[in-house]
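From a predicted model like this one, the values you see are computed outputs, not experimental measurements.
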Amino acid sequence: MDYAGVDGRRADGTAGDEVVEPPASFSDRAVASDPELYEAFDDEGPSAWRRAADLLDWETEYDRVLDDDDPPFYEWFPDGRLNAAANCVDRHLDERRNQLAIRWFGKRGERRSYTYLDLHREVNALAAGLRELGVEEDDVVTLYLPMVPELPIAMLACARIGAPHNVVFAGLSAEALATRIDAADSEYLVTCDGYYRREDAFNQKSKADNARLRADADLSATVVVDRLGDALDVSLGTDEHAYEAIVEAHDGEAVDPVARDATDLLFVMYTSGTTGRPKGVEHATGGYLAHVAWTTRNVLDVRPDDTYWCAADIGWITGHSYGVYGPLSVGTTSVLYEGSPDYPDRERVWDLIERNAVSVFYTSPTAIRSFMKWGAEYPEAHDLSSIRLLGTVGESITPKAWRWYRDHVGGGEAPVVDTWWQTETGAISLATLPGVTPMKPGKVGPPLPGIDARVVDEDGEPVEPGEPGYLTIAAPWPGMLRGLREGDERYRREYWLEGDHGWRYRTGDGATVDEDGYVTILGRVDDVINVRTHRFNTAELESAIVGAEGVTEAAVVGDGDGRIVAYVTTRGDVDPDETLRGAIGERLARAVGDVARPDRVVFTPDLPKTRSGKIMRRLLEDIARGDEFGDVSALRNPEVVGEIESAVREE
Ligand code: WT7
């Protein structure tokens, strides 16, 4: 079985010693308050997921819950038909057309609000406009936009006409955009003139132009949102259209939502996999939306009368599922924030929570670590008493950070729900049910009802409590990817194992499980690193670095604190200096985006290798983290370890 490297992982011994019961004030009115839910899912099998599907409006009711005749190609609600945009917008009009759907806060202090009725009007107008530009059902539309309301609106306009979207994070480079346009076979692009990065107007359109030149595909049409007004003047070519002109021209038009098969593609999202090129993860309409809606309600406990804020960028899966589809499908009011948490100052996040009376807040341990560093005086200067639930996602949270978050943001009371999932799982898969399940700070919690997650050894046998193993999922779940853009074979190879125990989905994470079934995530066991809530393939980054003149080898790791550390060796005649350091940063920014610039470049005479020549990335990670590491005498070149350690310490 091709599992690798879990044994080098250690659990944090301090995690999970404490058990925190959900406060009664919370449980008493929680959406999920029935402990029998776990049993019900166990007893009923896949059809228990009807609970999720029944949160949606179906154009054609589904009869069958799961088609598992041809594993691992599973189909959820295969004979049902629905439209995702109708579920996120139209169906709320009767009850809450004048309720706010989105409250947007721009970087320059701008504000814009959209009621469900406003959203309906603009989504329809844009849908009509996209159709006029030639977009047909199943055409993939690439969206390359920062956190502006036009991004969720464009996603919904695409969903309305059955055109799958392909959102590319605005911070990715022209090269990365070009690759994703080509790989997704996309002929349409929606982007903007630019956006603010702190004080400065940044030209996004020129990145998009550059991508267009690099891409093999010929774009038929580009739509350009005017984010910057006079601050940046971009001229539009013949097949380029101003977003504002389109929605004005089609204002008031109605576009019937296209009924899609539940198994039809809702969107594709590129993410790093086990090889250098990103993979196009495909999500189906029905299962994805059902799972997202169910978890938004039952895990994040979001209801229509909440004001909810998911701080993740919509350019990644968390923003798709819990910034757009989740909150809108359950009919709540969301905050959408364009800026960074410390601009114009460190009050910003707490000011937004206070100003909007945010009741449910969902962010990452990376952000919480920054908040802790900045200090409790910032949240304490604000009235955060509206908060009733806190969520976290993206990496493990330490017990200390967990408590800080609860005490300083959650008033010492609010449940903190650690949620584990992935781009591929589509929706939250492991987490406590906040009204039912006790929390253990530092442990993510048990699998959700209906998710058959197991921690197993190389042979697929469950490991003993506390022993490290591989996190796998032994049965299909509704939010799962329906496949990869790269084809069935790649999908099967990348994720699935067939063994004596049937088909198993490989998450790529190492984990332990305790006597109560609570899972602790130990981190990736493949060549993927999670840094600053972005996911990178090490080979993708390393090949960009090796492209720099004079570099011979490179290994990239995360330091456990949101930083990227690159270990680099150079040719004998090359002086590893600041210029080379700069060139390496530039190469990464160009190949992937500014988000991939390393925080540290450590020049070393050699990289630690096994006898078979494999770079010991895990050892390099331990060194970057300042962790203890084991015996290195089995290495081909154990003597480099000391040199690398001192190189790291010197900086
Ligand atoms: C990887 C997935 C969809 C979440 C955002 C990232 C890590 C995710 C947790 C958590 C420990 C976590 C895993 C996973 N991860 N949530 N609660 N505790 N690790 O999505 O970019 O697809 O990355 O993020 O390693 O495999 P992604």
Side-chain angles (χ1 to χ4, degrees), residues 1-12 272-276 395-396 457-458 467-471 506-512 521-531 535-548 550-572 576 581 584 588 596 598-651:
M1 230 179 270
D2 69 334
Y3 285 132
V6 75
D7 33 298
R9 297 278 168 181
R10 287 172 306 273
D12 173 0
S272 295
T274 51
T275 64
E395 57 189 301
S396 297
D457 64 16
E458 313 268 327
E467 288 299 314
Y470 304 96
L471 182 64
R506 259 188 311 175
T507 66
D509 279 4
T512 59
I521 304 291
L522 304 178
R524 302 287 307 196
V525 294
D526 53 13
D527 292 333
V528 172
I529 57 172
N530 291 319
V531 194
R535 180 162 142 188
F536 301 104
N537 173 272
T538 47
E540 189 183 359
L541 302 186
E542 289 158 7
S543 68
I545 298 176
V546 170
V551 171
T552 45
E553 269 193 314
V556 172
V557 301
D559 76 344
D561 211 9
R563 284 184 290 262
I564 299 177
V565 180
Y567 296 89
V568 175
T569 62
T570 54
R571 237 175 27 219
R581 225 178 270 272
I584 288 169
L588 283 166
D599 301 271
R600 300 182 68 183
V601 175
V602 179
F603 291 112
T604 119
D606 202 358
L607 295 172
K609 302 220 177 93
T610 61
R611 294 213 181 273
S612 62
K614 195 173 180 319
I615 295 174
M616 288 289 292
R617 202 174 278 105
R618 186 121 321 119
L619 173 64
L620 292 169
E621 188 181 305
D622 285 341
I623 297 174
R625 288 167 171 256
D627 284 354
E628 297 281 308
F629 49 85
D631 185 10
V632 296
S633 57
L635 290 180
R636 174 195 285 178
N637 51 354
E639 69 285 354
V640 300
V641 176
E643 291 187 52
I644 293 173
E645 267 199 293
S646 47
V648 168
R649 252 181 276 118
E650 255 168 42
E651 306 220 349

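- Counting all heavy atoms, side chain and backbone alike, Ala554 lies closest to Ile545 at CB-CG2, 3.7 Å.
- Looking at heavy atoms from C-beta onward, Val632 lies out of side-chain contact with Pro608 at the 4.5 angstrom threshold.
- With no hydrogens or angles considered, a side-chain donor-acceptor pair links Asp631 and Ser633 at under 3.5 Å.
- Between the side chain of Asn537 and the main chain of Glu540, a donor-acceptor pair closer than 3.5 Å is present.
- To the nearest 0.5 angstrom, Leu471 atom CG is 10.5 Å from Thr512 atom OG1.
- Inter-residue side-chain proximity for Val568 and Pro576 is flagged as unmet; no heavy-atom pair is nearer than 4.5 Å.
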Side chain to side chain contact (heavy atoms under 4.5 Å, CB included) between Glu628 and Asp622, intermediate numbers included: CA-CA 7 Å; Glu628 297 281 308; Asp622 285 341; over 6 Å; no
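- Not counting sequence neighbours, Arg611 has no partner by the salt bridge (charged side-chain N to carboxylate O under 4.0 Å, His left out) test.
- Judged by distance alone, with hydrogens and angles left aside, the side-chain atoms of Thr538 form no donor-acceptor pair with the main-chain N or O of Val528 at under 3.5 Å.
- Nearest heavy atoms, Val556 versus Ala566: CG2-CB, 4.3 Å.
- Between the Asp559 side chain and the Val565 main chain, no donor and acceptor come within less than 3.5 Å of each other.
- Under the 3.5 Å distance criterion, the side-chain polar atoms of Thr604 are left unmatched by any main-chain donor or acceptor of Ile644.
- Here the side chains of Ile623 and Val641 are in contact, with some heavy-atom distance below 4.5 Å.
- Between Leu635 and Met616 there is a side-chain heavy-atom pair separated by less than 4.5 Å.
- Listed for the Thr569 side chain is no donor-acceptor partner under 3.5 Å among the backbone atoms of Asp606.
- Summarising the geometry, atom OG belonging to Ser396 is positioned 9.5 Å from atom CG belonging to Asn530; distances are rounded to the nearest 0.5 Å.
- What you find for Gly558 and Val531 is that their closest heavy atoms are CA-CG2, 4.3 Å.
- Residues Ile615 and Leu607 come closest through the heavy atom pair CD1-CD1, 3.8 Å.
- Looking at Phe603 and Ile584, their side chains come closer than 4.5 Å, going by heavy atoms from C-beta outward.
- Scored by the salt bridge (charged side-chain N to carboxylate O under 4.0 Å, His left out) test, Arg535 finds Glu424 as partners (sequence neighbours excluded).
- With Arg600 contributing its side chain and Arg563 its backbone, the two residues share no donor-acceptor pair below 3.5 Å.
- When the salt bridge (charged side-chain N to carboxylate O under 4.0 Å, His left out) test is applied to Glu645, the partners found at least two apart in sequence or on another chain are Arg649.
- Note on Glu553 versus Arg571: no salt bridge recorded, every NZ/NE/NH1/NH2 to OD/OE distance being 4.0 Å or above.
- No side-chain donor-acceptor contact under 3.5 Å links Tyr470 to the backbone of Asp509.
- Using a cut-off of 4.0 Å between Lys/Arg side-chain N and Asp/Glu carboxylate O, Arg617 and Asp527 are scored as salt-bridged.
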